[in-house]
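Each remark here refers to the structure printed beneath this line.
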Amino acid sequence: MSADEERRLARVALTWLAEPGTRVVYRLVERLGPVATLDLLLDGGSPDGWLHSTVAARLAGGDARAVAAEALERADRLGARLVTPDDEEWPAQVADLATLRLPDVTRRVDGETAPPLCFWVRGGWPLGEALDRSVAVVGARAATGYGQHVATELGYGLAERDWTVVSGGAFGIDAAAHRGALNAGGLTVAVLACGLDRPYPMGNAALFDRIADTGLLVSEWPPGAEPLRPRFLIRNRVIAAGTVGTVLVEASARSGATQTARRAVYTNRVAMVVPGPVTSAMSVGAHEFLRDNPKTRLVTGVAHVLEEVGRIGADLAPPARGPQRPADTLDDDARSLLEALPRRGARGVDALATRAGLDVRTAMRKLSLLEELSMVVRRDGGYALAAPVTPKRGSATVTAR
C-alpha cells in the first residue's frame, strides 16, 4: 500500500471511529497527520475521555482499517469516489469550519463542527468546482404549496444563471429546490446524512439517481451508514460552509433548517430568509430567525438572492415598483396641466393656464406635447382628457372614442 493510499484509508477509518466534525480528531490530524492520529487512537492514546470511550465502543464492532477498506470497495462498486484534502477537487472553503463557534451550545453536536476529513462523492462533476459558485436552498420537510413553489422557482432561476443549487435531499423544500435546478438543466448537489447507497428518504430515491446523473451526491459517511438523527445537524454545517449563501424558505419553530442558516451566519456566509404568511406554522421559524439575526437578509426571489451572493455591482436586483404609467415620464408643468383638466368636458387654454399656475405660452407648448402623447384631445374650443385605452375582445388594443 502506498503512503497516499494509507493516508486515505486512515481518514476513512477515523470518520468511522468518531463522527465527522469531531474537533479533537481534526486537530490531531492537522498536527500529526491521519495515519499517526489513527495509530494513536487505536493504541488508546486519545487526549479526550469522551473520544476514548467512543473509539473503544466502535472497536468492539470491528477493525477500523478493515472497515475502511471494505467501505472503499463498496464505494467502488457503487460508482462513488473518496475525496480528501489532498485531492484537487477538494472544496477549500469548508476549512472555515475550523473557526465555527456557535453561541449558547448545550449539545455536543452543536460544538463538534470541525471541517470534514473526507467526502464520498457520486457524480461526474469535480466537487470543488461544483461548490465554487453555489447557493443552498433549505427549509421544512412538511412544506406548504407556497413554500414548494418558491423553492422550485429559486432552484430553477439560480440554475438557469449557472449557480449550483445545494440542499439536503429531504422531502419538501429540499426536493423542490433540487427539482427546480434539474428542470432548468442546471447543476444541483445533495449533501446526505447517510451512506450514498442508503438514500434517505427512500421516497426520493429516483430524485437522487437524477441528481447523480447530472450533479453530485455527497456524504461524509461511508457506504452503508444509517441516517441517524444527529447526523443531519452534522451534515448541515457542510451545506452552510460549502456554499456562498443559504436561503431559508420555510421553517417551523423547531426546524433543523434554521440550524443550517445559523451555521451560515457563524461561518460568515450570507444567510437569507424568504418571508411567508404570518398565519402559517411553517413560517414561524423562518420569521423568528430573521428577527433574531440582524445580518440576515430578506429575499423574495432570484434577483434578491443574486444581489446578495453575486458580483458587487453586477447582480443588483431591480427596484420593486408598480407598473409604469404614461404620466410618469412627464415634467412638473405637464403634470400640472393634466391635473387641471376637468374629469368631464373641456376647458380653454387660458383657464387651464390659470388653474395650473403657468403662463399661457408654456401651457400651449405643454398641451401640444400632451396631445402628441394621446393624453389630451382638442374639443369644443378647448382641451379635454383623452378616453382611456381599453382592450377590444379578440383583437389588439384600441383607443375608445
Side-chain angles (χ1 to χ4, degrees), residues 130-190 215 239-240 242-252 255 257-258 260-262 264-265 269-324 328:
L131 293 181
D132 184 57
R133 182 180 156 91
S134 64
V135 174
V137 180
V138 299
R141 290 189 298 272
T144 66
Y146 161 81
Q148 293 193 52
H149 173 79
V150 170
T152 302
E153 291 291 311
L154 285 173
Y156 190 98
L158 288 167
E160 195 176 37
R161 290 160 178 81
D162 296 325
W163 284 82
T164 301
V165 177
V166 179
S167 200
F171 288 136
I173 298 301
D174 290 16
H178 288 308
R179 290 191 177 101
L182 289 169
N183 291 342
L187 178 58
T188 187
V189 175
I239 294 177
T243 55
V244 179
T246 294
V247 185
L248 180 62
V249 177
E250 277 190 322
S252 62
S255 173
T258 60
T260 305
R262 189 166 182 248
V265 168
R269 302 297 192 263
V270 182
M272 296 159 277
V273 172
V274 176
V278 297
T279 53
S280 172
M282 288 298 106
S283 296
V284 172
H287 291 169
E288 287 301 309
F289 185 86
L290 185 61
R291 282 169 50 85
D292 294 342
N293 294 274
K295 292 183 179 180
T296 305
R297 301 288 291 173
L298 185 151
V299 295
T300 62
V302 173
H304 284 169
V305 174
L306 292 180
E307 183 172 313
E308 298 301 324
V309 302
R311 296 163 298 166
I312 296 176
D315 293 300
L316 297 178
R321 58 183 301 170
Q324 190 175 47
D328 292 342

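In plain terms, the two heavy atoms of Ala159 and Ala181 that are nearest each other are CB-CA, 3.7 Å. When all heavy atoms of Thr164 and Ala130 are compared, the pair lying nearest together is OG1-O, 2.7 Å. When all heavy atoms of Val302 and Gly157 are compared, the pair lying nearest together is CG2-CA, 3.7 Å. In terms of heavy-atom proximity, Val265 sits nearest to Ala271 at CG2-CB, 3.6 Å. In terms of heavy atoms, Gly310 sits closest to Trp163 at CA-CZ2, 4.0 Å. Taking each heavy atom of Ala240 and Ala264 in turn, the nearest pair found is CB-N, 3.5 Å.
For residues 145-156, there are no side-chain hydrogen bond (donor to acceptor under 3.5 Å, both in side chains) pairs, not counting sequence neighbours. Residue pairs meeting the salt bridge (Lys or Arg N to Asp or Glu O under 4.0 Å) criterion with at least one partner in residues 280-295, sequence neighbours excluded, are Glu288-Arg291.
Atoms OG1 and CG, on Thr300 and Leu154 in that order, are 9.0 Å from each other to the nearest 0.5 Å. Atom CG of Leu158 and atom CG of Leu306 lie 6.0 Å apart (nearest 0.5 Å). The CZ atom of Arg141 lies 7.5 Å from the OG atom of Ser255; values are rounded to the nearest 0.5 Å. Note that CD1 of Ile239 and OG1 of Thr260 are 5.5 Å apart. Values are rounded to the nearest 0.5 Å. A distance of 6.5 Å separates CD in Glu308 from CE in Met272, rounded to the nearest 0.5 Å. A distance of 6.0 Å separates CG of Asp162 from CZ of Arg133, quoted to the nearest 0.5 Å.
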Checklist entry - Could you go step by step and tell me if Glu250 and Ser283 meet the side chain to side chain donor-acceptor pair (under 3.5 Å) rule? => result CA-CA 5 Å; Glu250 277 190 322; Ser283 296; 4.7 Å; no
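Using modelled atom types, one side-chain atom of His287 and one backbone atom of Gly276 make a donor-acceptor pair closer than 3.5 Å. Of the possible polar contacts, none joining the Asp174 side chain to the Ser167 backbone as a donor-acceptor pair under 3.5 Å is found.
Taking 4.5 Å as the limit, every side-chain heavy atom of Val189 sits out of range of all side-chain heavy atoms of Val165. Using a 4.5 Å heavy-atom cutoff, the side chains of Ser280 and Thr144 are in contact. At a threshold of 4.5 Å between non-hydrogen side-chain atoms, the residues Val135 and Thr246 do not count as touching. A heavy-atom distance below 4.5 Å is found between the side chains of Pro275 and Leu298. By the 4.5 Å heavy-atom criterion applied to side chains, Ser134 and Val166 are counted as neighbours. Contact check for Val273 versus Val299: no side-chain heavy atoms found under the 4.5 Å cut-off. Within the 4.5 Å cutoff, no side-chain heavy atoms of Val138 are placed close to those of Ile173.
Listed by chain and residue number, nothing satisfies the side chain to side chain donor-acceptor pair (under 3.5 Å) test with Arg262 (two or more places apart in sequence, or in another chain).
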